Novice: 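This is the structure I have questions about; it appears just below.
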Amino acid sequence: MGKKKKGLIYLYTGDGGGKTTNAFGFALRAIGHGYKAVIIQFMKGWDDIGEVKACKRLAPQCEIRQFGRREFVDPKNPAPEDIKLAKEAMAFARKSLKKKPKLLVLDEVNLAASFGLVKVKDVLKLLDAAPSSTVVMLTGRRAPRGLIDRADFVSVIEDVKHPAKEGIPARKGIEY
């Protein structure tokens, strides 16, 4: 008996910018070929950002759902609502996998796991349930070792230079 073919897992982590942007580039590529992309954003609740607006324009091939508040999560003391929203995101991810999208992006799941909003073992279980036809992309800083070990492709993104360090604020349409 052969081993069950699994879908590939991509993981982007590190303190540099561009992890989410990279994932949306993959989504755009999949959509361009007529495939479905589902993007689930952990810990994000801002709908006035370019990627959310773009996905709405590209619906139904691009589906985006945010599971977060507008406020940042306190990593040392996450609010009960943050934990509840992260669990809802995981449930939505499991439901989404049943539709077999070409690409499932779990944006900021690495950081959510690092903060304890989701358990690494639950993310691994989700990855094991992914159909072989679905590529799952994990993004976010501080990726736990278990997720790095499970991924087939891992990139660590670092800032060599960043406009914010020169006092240049994030620009609409470029950084958000």
Side-chain angles (χ1 to χ4, degrees), residues 6-27 37-53 55 62-97 101 103-130 134-160 162-165 169-170 175-176:
K6 62 181 177 115
L8 290 177
I9 309 302
Y10 284 64
L11 186 144
Y12 292 89
T13 194
D15 289 332
K19 296 173 290 293
T20 295
T21 305
N22 186 65
F24 275 90
F26 272 80
V38 176
I39 297 125
I40 299 169
Q41 293 190 307
F42 289 74
M43 304 186 311
K44 290 183 177 176
W46 319 291
D47 58 357
D48 189 29
I49 54 175
E51 56 263 33
V52 171
K53 292 177 179 187
C55 272
C62 187
E63 181 179 355
I64 187 165
R65 289 284 302 269
Q66 293 185 322
F67 294 87
R69 301 178 298 129
R70 291 186 66 82
E71 299 82 18
F72 288 107
V73 175
D74 178 354
K76 293 185 171 128
N77 188 24
E81 185 178 358
D82 295 323
I83 296 166
K84 176 180 164 282
L85 288 166
K87 287 182 180 184
E88 288 175 11
M90 289 295 292
F92 187 77
R94 286 189 294 276
K95 182 177 154 188
S96 295
L97 281 177
L103 177 66
L104 175 66
V105 175
L106 302 178
D107 187 36
E108 300 295 354
V109 73
N110 298 338
L111 196 56
S114 173
F115 287 178
L117 301 179
V118 296
K119 292 184 170 112
V120 171
K121 70 177 184 172
D122 292 336
V123 178
L124 293 171
K125 193 182 295 186
L126 176 83
L127 298 177
D128 289 341
T134 298
V135 170
V136 181
M137 188 166 288
L138 314 174
T139 73
R141 300 171 192 266
R142 302 181 190 173
R145 175 51 56 190
L147 298 182
I148 291 171
D149 290 345
R150 174 61 175 84
D152 301 291
F153 180 101
V154 176
S155 284
V156 177
I157 299 174
E158 66 177 87
D159 282 336
V160 175
H162 196 292
K165 292 178 183 172
E175 282 89 17
Y176 70 94

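For this chain, numbers begin at 1 and follow the sequence in order. Values in this document were obtained by computation on a predicted structure and should not be read as measured data. Values below: all heavy atoms of this structure, side chains included; hydrogens, waters and symmetry mates excluded.
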Novice: For K119, enumerate each residue passing the side-chain contact (heavy atoms from CB on, under 4.5 Å) test, keeping only those at least two apart in sequence or located in another chain.
Specialist: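 For K119 the side-chain contact (heavy atoms from CB on, under 4.5 Å) partners, ignoring immediate neighbours, are K121, D122.
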Novice: Give, for atom CH2 of W46 and atom CD of E51, the distance between the pair rounded to the nearest 0.5 Å.
Specialist: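 Rounded to the nearest 0.5 Å, the CH2-CD separation comes out at 9.5 Å.
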Novice: Residues two or more places apart in sequence or in another chain: which of them pass side-chain hydrogen bond (donor to acceptor under 3.5 Å, both in side chains) with R69?
Specialist: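 R69 satisfies side-chain hydrogen bond (donor to acceptor under 3.5 Å, both in side chains) with E71, D82 once adjacent residues are dropped.
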Novice: Could you pull out all residues at least two apart from D15 that satisfy salt bridge (Lys or Arg N to Asp or Glu O under 4.0 Å)?
Specialist: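 Checked D15 against salt bridge (Lys or Arg N to Asp or Glu O under 4.0 Å); matches are R141.
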Novice: Measure the spacing between CD1 of I64 and CD1 of I49 and express it to the nearest 0.5 Å.
Specialist: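 Reported value, rounded in 0.5 Å steps: 6.0 Å.
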Novice: Can you list the residues that meet the side-chain hydrogen bond (donor to acceptor under 3.5 Å, both in side chains) rule with K53, with sequence neighbours excluded?
Specialist: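 K53: side-chain hydrogen bond (donor to acceptor under 3.5 Å, both in side chains) contacts with D48.
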Novice: Under the side-chain hydrogen bond (donor to acceptor under 3.5 Å, both in side chains) rule, collect the residues that match up with T20, sequence neighbours excluded.
Specialist: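 By the side-chain hydrogen bond (donor to acceptor under 3.5 Å, both in side chains) rule, T20 matches K44, D107.
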Novice: Does a side-chain heavy-atom distance below 4.5 Å link R150 with V123?
Specialist: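 The answer is no; the side chains never approach within 4.5 Å.
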Novice: Testing the basics here: between D159 and G16, what is the closest heavy-atom pair and its distance to 0.1 Å?
Specialist: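 So the two residues come closest at OD1-CA, 3.3 Å.
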Novice: Quick one: pull up CG in L138 and CZ in F42 and give me the separation to the nearest 0.5 Å.
Specialist: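 It comes to 9.0 Å.
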Novice: Where do S114 and P144 come nearest, in terms of heavy atoms and distance?
Specialist: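 Nearest pair, atom of S114 first, then P144: N-CG, 4.2 Å.
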Novice: Suppose the criterion is disulfide (SG to SG under 2.5 Å): which pairs have a residue in residues 62-97, not counting sequence neighbours?
Specialist: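 Those involving residues 62-97 are C55-C62.
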Novice: Under the side-chain contact (heavy atoms from CB on, under 4.5 Å) rule, collect the residues that match up with A37, sequence neighbours excluded.
Specialist: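 For A37, the residues satisfying side-chain contact (heavy atoms from CB on, under 4.5 Å) (neighbours in sequence not counted) are A27, I31, L103.
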Novice: Once rounded to the nearest 0.5 Å, what's the spacing between atom CD1 of I39 and atom CZ of R65?
Specialist: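 Rounded to the nearest 0.5 Å, the CD1-CZ separation comes out at 13.0 Å.
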Novice: With heavy-atom distances below 4.5 Å as the criterion, would you say the side chains of Y12 and V105 are in contact?
Specialist: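 Result no, sub-4.5 Å side-chain heavy-atom pair not found.
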Novice: Run the numbers on M90 and F67 for side chain to side chain contact (heavy atoms under 4.5 Å, CB included), then give the verdict.
Specialist: CA-CA 10 Å; M90 289 295 292; F67 294 87; over 6 Å; no
Novice: Taking the side chain from Q41 and the backbone from E108, do they hold a donor-acceptor pair closer than 3.5 Å?
Specialist: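 Not confirmed, Q41 side chain does not pair with E108 backbone.
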Novice: Mark yes or no for whether D74, through its side chain, and A79, through its backbone, hold a donor-acceptor pair below 3.5 Å.
Specialist: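 Not a single qualifying donor-acceptor pair exists.
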Novice: Going by the rule salt bridge (Lys or Arg N to Asp or Glu O under 4.0 Å), which residues pair with D149 if we only count those two or more places apart in sequence or in a different chain?
Specialist: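 Per chain and number, D149 pairs via salt bridge (Lys or Arg N to Asp or Glu O under 4.0 Å) with R145.
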Novice: Just to verify, what does E63 make a salt bridge (Lys or Arg N to Asp or Glu O under 4.0 Å) with, not counting sequence neighbours?
Specialist: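 Scan of E63 (salt bridge (Lys or Arg N to Asp or Glu O under 4.0 Å), adjacent residues dropped) gives K36.
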Novice: Determine, step by step, whether L111 and K19 satisfy the side chain to side chain contact (heavy atoms under 4.5 Å, CB included) criterion, reporting the C-alpha distance in whole Å, the side-chain angles of both residues, the deciding distance to 0.1 Å, and the verdict.
Specialist: CA-CA 12 Å; L111 196 56; K19 296 173 290 293; over 6 Å; no
Novice: Are the side chains of F153 and L8 in touch, meaning some heavy atoms are under 4.5 Å apart?
Specialist: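 No; the side chains remain at least 4.5 Å from each other.
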Novice: Could I get the full list of salt bridge (Lys or Arg N to Asp or Glu O under 4.0 Å) partners for D152, not counting sequence neighbours?
Specialist: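 D152 satisfies salt bridge (Lys or Arg N to Asp or Glu O under 4.0 Å) with K6 once adjacent residues are dropped.
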Novice: Test of understanding: with side-chain contact (heavy atoms from CB on, under 4.5 Å), list the residues that count as partners of A143, not counting sequence neighbours.
Specialist: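 side-chain contact (heavy atoms from CB on, under 4.5 Å) list for A143, sorted by chain: L11, T13, N110, I148.
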Novice: Grab the two heavy atoms, one from V73 and one from P78, that are nearest each other, plus how far apart they are.
Specialist: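 The answer is CG1-CB, 4.1 Å.
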Novice: How many angstroms lie between CG in L126 and CG in L104, if you round to the nearest 0.5 Å?
Specialist: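 CG of L104 is found 6.5 Å from CG of L126.
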Novice: List in chain and number order the residues that pass side-chain hydrogen bond (donor to acceptor under 3.5 Å, both in side chains) with E88, two or more places apart in sequence or in another chain; answer none if no residue qualifies.
Specialist: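 Partners of E88 by the side-chain hydrogen bond (donor to acceptor under 3.5 Å, both in side chains) criterion, ordered by chain and then number, come out as K84.
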Novice: For I157 and G17, work out which heavy atoms get closest and say how close.
Specialist: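 Minimum heavy-atom contact is CG2-O, 3.4 Å.
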